[in-house]
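Just so you know, residue 1 is the first one in the sequence shown, and it goes up from there.
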Amino acid sequence: MSLPKFIVGMVFALAIVVSWSYFDGASLSTILIRAVVCAIIIQAGYFLLVFATIARSPPVPADKTREAERGAILDKVPTAKS
């Protein structure tokens with residue numbers, strides 16, 4: 001899930017929690033507490049999702065990464081004409 005989609009979803013979820021609390025007749029402090037708890041739970045879920053995605057990805061040997069980076073750098077260096 002991309003960050004913009006996450007932010008939009010989080011805003012909608014918090015709006016639902018706030019409106020539900022307001023129509024339920026909760027006090028302003030209760031509404032604020034519910035919104036903060038909801039935001040913390042959503043943030044923790046997103047962190048766990050990203051962590052699981054990174055943990056599931058297969059490890060890449062450092063030599064392959066290093067060689068790929070060197071190749072990309074060497075491709076950008078202009079060669080001297082003789």
Practice task
Decide yes or no for F6 and Q43: does some side-chain heavy atom of the first lie under 4.5 Å from some side-chain heavy atom of the second?
Solution key: yes
Exercise for the section: State, with a plain yes or no, whether a side-chain heavy atom of S27 is found less than 4.5 Å away from one of T30. Expected result: yes
Completion exercise
Separation between CG (L49) and OH (Y46), nearest 0.5 Å, reads 7.0 Å
Practice task
Examine I16 and V8 and state if one hydrophobic cluster contains both, with Ile, Leu, Val, Met, Phe, Trp and Tyr joined whenever side-chain heavy atoms are less than 4.5 Å apart.
Solution key: no
Completion exercise
Closest non-hydrogen contact found for A39 with L14 is N-CD2, 3.7 Å
Completion exercise
Heavy-atom nearest pair, V17 first then A35, reads CG1-N, 4.3 Å
Problem - D24 and R34: CA distance, side-chain angles, deciding distance, side chain to side chain contact (heavy atoms under 4.5 Å, CB included) verdict - result: CA-CA 12 Å; D24 191 36; R34 287 178 181 173; 4.0 Å; yes
Completion exercise
To the nearest 0.5 Å, atom CD1 of I42 lies from atom CD1 of I7 at 12.0 Å
Practice task
Spell out, yes or no, whether I41 and I33 are grouped together once hydrophobic residues are joined by side-chain heavy atoms under 4.5 Å, including indirect joins.
Solution key: yes
